[in-house]
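We name chains A, B, ... by the order of the sequence lines, and we start the count at 1 in each one. Being a predicted model, the structure only gives us computed values, none of them experimental.
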Amino acid sequence: MRKTSDPDRRARRRWAVRAHATLLEQHGPQRWWPAEGRFEIMVGSVLAQNTAWRNVEKAVANLKAADMLHAEAIAQAEPEVLAQLIRPSGYFNVKARRLGSFCAWYARAGGYRKLRYWPTMRLRKALLGVHGVGPETADDILLYAFDRPVFVIDAYTRRIFARLGTIRGNEAYDELREVFEHQLARRSTVYAEFHALIVRHGNQVCRPTPRCEDCGLNAMCRFHRHQPV
DNA sequence: ACCCAGGGTCATA
DNA sequence: TATGACCATGGG
């Protein structure tokens, strides 16, 4: 029996590439992140922590209506005022403080015009040093606001690929990030599109109780194969 | 009425 | 390293 050619074998091992192609076929291009400017993306990624996007939109709209969508304005705002504006996004007291500390850092660093020249990993460390910015929020900002080739790991990523059987799901954040980054072409456009597809698939198809009948990944899914008929 | 949503921090073992 | 409590709104 003939041995599989090396390129085929490599492609089969790179399940992230196959999943990306399949999800792109099923859902189409996502064109993320849904926001108007870079700073709005950064604000959104803080407010989106463990929160439905619908609620984030309301909070961002409130900030915009109050003409507060600027780092200086947010950094100088009274915590209570800020909290009321972002109330729909939940955890409003916590997030008011997080948004404040992020904007204070951002303004002090000179904003995008200065930060754009920072090396990616230096920028990542600086972001992680801001109170309230953890690995996922930092990587959202790096990928979608700074166009850096950093892959974002979120709860959807863990759930989908744990079900597929390609990861356990409880790996350390940076370990998973590097697995995905190594499997894909190191380009921010690829990472951005793939993560967007993962989010789309995670909240429409691979939900807590999965809708396997609507899923294009069944052929490569261990979870689906083990489902009773 | 319950579960979940594009997490992170802090205390504890 | 690894759990658990806590934060809080709104939609299904």
Side-chain angles (χ1 to χ4, degrees), chain A residues 16 19-20 23 27 29-36 38-63 79-106 124-146 148 150-163 167-177 180 188 191-211 214:
Chain A
H20 178 271
L23 291 178
H27 299 292
Q30 300 300 300
R31 307 187 24 147
W32 254 31
W33 180 289
E36 285 188 8
R38 298 182 190 278
F39 184 68
E40 188 175 323
I41 293 173
M42 303 182 210
V43 170
S45 54
V46 171
L47 297 182
Q49 292 171 359
N50 202 37
T51 300
W53 182 250
R54 178 186 306 276
N55 293 344
V56 177
E57 288 180 316
K58 295 176 186 170
V60 171
N62 287 346
L63 290 172
E80 292 184 349
V81 174
L82 187 54
Q84 288 310 310
L85 288 170
I86 66 172
R87 182 169 186 155
S89 68
Y91 305 128
F92 51 83
N93 288 315
V94 169
K95 285 177 178 173
R97 193 155 48 91
R98 292 180 182 180
L99 210 48
S101 55
F102 170 77
C103 290
W105 167 81
Y106 187 73
R124 188 169 196 269
K125 287 204 171 186
L127 284 166
L128 290 175
V130 177
H131 179 88
V133 177
E136 184 183 338
T137 305
D139 291 345
D140 274 333
I141 292 172
L142 287 167
L143 178 58
Y144 291 103
F146 286 87
R148 304 302 177 92
V150 173
F151 197 82
V152 177
I153 303 297
D154 65 349
Y156 291 141
T157 312
R158 293 179 186 273
R159 184 166 74 209
I160 292 170
F161 290 91
R163 281 176 176 163
I167 65 173
R168 291 194 316 276
N170 61 352
E171 292 90 341
Y173 182 95
D174 284 321
E175 180 184 345
L176 279 183
R177 177 174 61 80
F180 280 82
S188 62
Y191 294 170
E193 182 63 25
F194 192 20
H195 175 66
L197 286 164
I198 286 170
V199 171
R200 173 83 179 268
H201 201 70
N203 64 36
Q204 291 193 357
V205 181
C206 200
R207 303 160 68 111
T209 59
R211 304 186 173 177
D214 298 327

- Send over the distance from Q204(A) CD to dC4(B) P, rounded to a whole Å. 18 Å
- Query: Reckon K95(A) has a side-chain N or O less than 4.0 Å from the OP1 or OP2 of dT9(B)?
  - Reply: no
- Message: Of the options dG8(B), dG7(B), dC7(C), whose atoms approach the side-chain atoms of V94(A) most closely?
- Response: dC7(C)
- Query: Contact class for V199(A) vs. all strands (heavy atom < 4.0 Å): base, sugar-phosphate, or nothing?
  - Reply: base
- Rounded to the nearest Å, what distance is computed from the CD atom of residue E57(A) to the C1' atom of nucleotide dT9(C)? 14 Å
- Message: In whole Å, I'd like the distance from the CG atom of N50(A) to the P atom of dC7(C).
- Response: 14 Å
- Item | Phosphate-side-chain proximity, N55(A) and dG11(C), N/O vs OP1/OP2 below 4.0 Å | no
- Task: Please state how far atom CZ in R159(A) lies from atom C1' in dG7(B), giving the value in whole angstrom units.
- Result: 15 Å
- Query: Could you state the CD1-P distance from I86(A) to dT9(C), rounded to the nearest angstrom?
  - Reply: 12 Å
- Contact under 4.0 Å: R54(A) side-chain N or O vs dC4(B) OP1/OP2: no
- Query: Which residue lies toward the 5' end of DNA chain B, H131(A) or D140(A), if each is placed at its nearest nucleotide?
  - Reply: D140(A)
- Where does the angle between the aromatic ring planes of W32(A) and H195(A) fall among parallel (under 30°), tilted (30 to 60°) and perpendicular (over 60°)? perpendicular
- Task: Consider the side chain of R98(A), meaning its heavy atoms from C-beta on, and name the nucleotide among dA8(C), dG10(C), dG8(B) that approaches it most closely.
- Result: dG8(B)
- Message: Which heavy atom of F151(A) sits nearest to which heavy atom of D139(A), and what is that distance?
- Response: O-OD2, 3.8 Å
- If you measure from the P atom in dC10(B) to the same atom in dA8(C), how many Å do you get, rounded? 14 Å
- Message: Can you measure F92(A) atom CZ to dA5(B) atom P for me and round it to whole angstrom units?
- Response: 22 Å
- Message: Side chain of Y91(A), heavy atoms from C-beta onward: which of dG7(B), dA8(C), dG10(C) has the nearest atom to it?
- Response: dA8(C)
- Listed nucleotide nearest any side-chain atom of Q49(A), set dG8(B), dC4(B), dA8(C): dG8(B)
- L99(A) CG to dA8(C) C1': how many Å, rounded? 16 Å
- Message: Under 4.0 Å, counting only non-hydrogen atoms across every strand here, what does V133(A) touch: a base, just sugar-phosphate, or nothing?
- Response: sugar-phosphate
- Message: Quick check on dG8(B): is either OP1 or OP2 less than 4.0 Å from any side-chain nitrogen or oxygen of T137(A)?
- Response: yes
- Message: Tell me whether Q84(A) at atom CD has more than 12 heavy atoms from other residues, nucleotides or ligands lying less than 6.0 Å away.
- Response: yes
- Message: Side chain of K58(A), heavy atoms from C-beta onward: which of dC7(C), dG8(B), dG11(C) has the nearest atom to it?
- Response: dG11(C)
- Task: Output the single nucleotide from dT9(C), dA5(B), dG11(C) whose closest atom is nearest the side chain of R87(A).
- Result: dT9(C)
- Message: When you compare the side chains of D140(A) and T137(A), does any donor N or O come within less than 3.5 Å of an acceptor on the partner?
- Response: no
- Rounded to whole angstrom units, what separation is found between the CZ atom of R97(A) and the C1' atom of dC6(C)? 12 Å
- Query: Would you call the rings of F194(A) and F180(A) parallel, tilted or perpendicular if under 30° counts as parallel and over 60° as perpendicular?
  - Reply: tilted
- Query: What is the pairing partner of dC6(C), taking Watson-Crick or G-U wobble pairs with both distances under 3.5 Å in any strand?
  - Reply: dG8(B)
- Query: When you measure from the side chain of A155(A), which nucleotide among dG8(B), dG7(B), dC4(B) comes out closest?
  - Reply: dG7(B)
- Query: Which pair of heavy atoms, one from R168(A) and one from A162(A), lies closest together, and at what distance?
  - Reply: O-CB, 3.5 Å
